[in-house]
Amino acid sequence: MPVTHSRTFRVRSYECDPYGHVNNVTYLRYMQEAAFDAAAAVGYGPRWYETSGHAWLVRETDIEYLRPLRYGDSMTVKTWVEDFRRTRSRRAYEMTKEPGGEAVARASTDWGHVDAATGRPAAVPSDRVAAFGLS
């Protein structure tokens, strides 16, 4: 069973577009922060990556927007790793408005695992797969 992680964000005024809706890129920022927190929660935080010689780069992100958020709303991002492949991984996200848990967006990101020094694809070590509950 994959390890899940949740983080709640409150929409700030500068994250909204001229129509009062949360700007689309803000969802991506929230997803990235939740993913970083999820990795840190299982032992792979920023300091670990600084010294490990490994990095993850985003290859593709798909977001399905279901309902708009506005200034002052709170949204919880729930995330988990769906799979690991040789040099890649897919992370899923569910975003809900709080309180109440009304779905506002669903998303996934395909990450490429690379050697930090060369930028070339690198195999995902098995200890990382196990840490996210996918061994």
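Just so you know, residue 1 is the first one in the sequence shown, and it goes up from there. Computed from a predicted structure; not experimentally measured.
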* What's the verdict on side chain to side chain contact (heavy atoms under 4.5 Å, CB included) for Y27 and V22, showing C-alpha distance, side-chain angles and the deciding distance? -> CA-CA 8 Å; Y27 290 82; V22 172; 3.7 Å; yes
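- Other residues, nucleotides and ligands contribute more than 12 heavy atoms inside 6.0 Å of the CZ atom of R85.
- A donor-acceptor contact closer than 3.5 angstrom links the side chains of Y30 and E15.
- For the atom pair M31 CE and I63 CD1, the distance stands at 4.5 Å (nearest 0.5 Å).
- For the residue pair T8/T76, the side-chain donor-acceptor check at 3.5 Å is satisfied.
- Distance NE2/H21 to CG/D73: 10.5 Å, rounded to 0.5 Å.
- Between F132 and Y44 the shortest side-chain heavy-atom distance falls below 4.5 Å.
- Checked by atom type and distance alone, the side chain of T79 pairs as donor or acceptor with a backbone atom of A92 at under 3.5 Å.
- Inter-residue side-chain proximity for V129 and V124 is flagged as met; some heavy-atom pair is nearer than 4.5 Å.
- Using a 30° and 60° split on the angle between ring planes, H54 and H113 fall in the parallel class, below 30°.
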* To do: Starting from the C-alpha separation in whole Å, work towards a yes-or-no answer on side chain to side chain contact (heavy atoms under 4.5 Å, CB included) for R120 and V114.
  => CA-CA 5 Å; R120 298 184 57 79; V114 298; over 6 Å; no
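- Between atom CG of residue D62 and atom CG of residue D110 there is a gap of 9.0 Å, rounded to the nearest 0.5 Å.
- With a 4.5 Å cut-off on side-chain heavy atoms, P2 and V81 do not count as touching.
- Here the shortest heavy-atom pairing between A131 and V3 reads O-CG2, 3.8 Å.
- In this structure, CG in D37 is found 6.5 Å from CD in E33, a value given to the nearest 0.5 Å.
- At a threshold of 4.5 Å between non-hydrogen side-chain atoms, the residues M75 and V77 count as touching.
- Aromatic ring pairs are classed by plane angle as parallel below 30°, tilted from 30° to 60° and perpendicular above 60°; the pair W56 and F84 is tilted.
- Contact annotation: the side chain of R59 approaches that of R88 to within less than 4.5 Å [non-hydrogen atoms, C-beta and beyond].
- By the 4.5 Å heavy-atom criterion applied to side chains, W80 and E94 are counted as neighbours.
- Residues F9 and T26 fail the side-chain proximity criterion, which asks for heavy atoms closer than 4.5 Å.
- A cation-pi arrangement is found for R10 relative to Y71, the charged atom lying closer than 6.0 Å to the ring centre and inside a 45° cone about the ring normal.
- H5 approaches A41 most closely through the heavy-atom pair ND1-CB, 4.1 Å.
- The shortest side-chain heavy-atom distance between R91 and E82 does not fall under the 4.5 Å cut-off.
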* Can you list the steps and then say if V11 with C16 is a side chain to side chain contact (heavy atoms under 4.5 Å, CB included)? -> CA-CA 8 Å; V11 176; C16 296; 3.8 Å; yes
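- Once rounded to the nearest 0.5 Å, the distance linking OG1 of T61 with CD of Q32 reads 9.0 Å.
- For the residue pair R90 and S108, a side-chain donor N or O sits within less than 3.5 Å of a side-chain acceptor on the partner.
- Rounding to the nearest 0.5 Å gives a distance of 7.5 Å between CE of M95 and OH of Y65.
- With hydrogens and angles left out, the side-chain atoms of T96 and E98 include a donor and acceptor closer than 3.5 Å.
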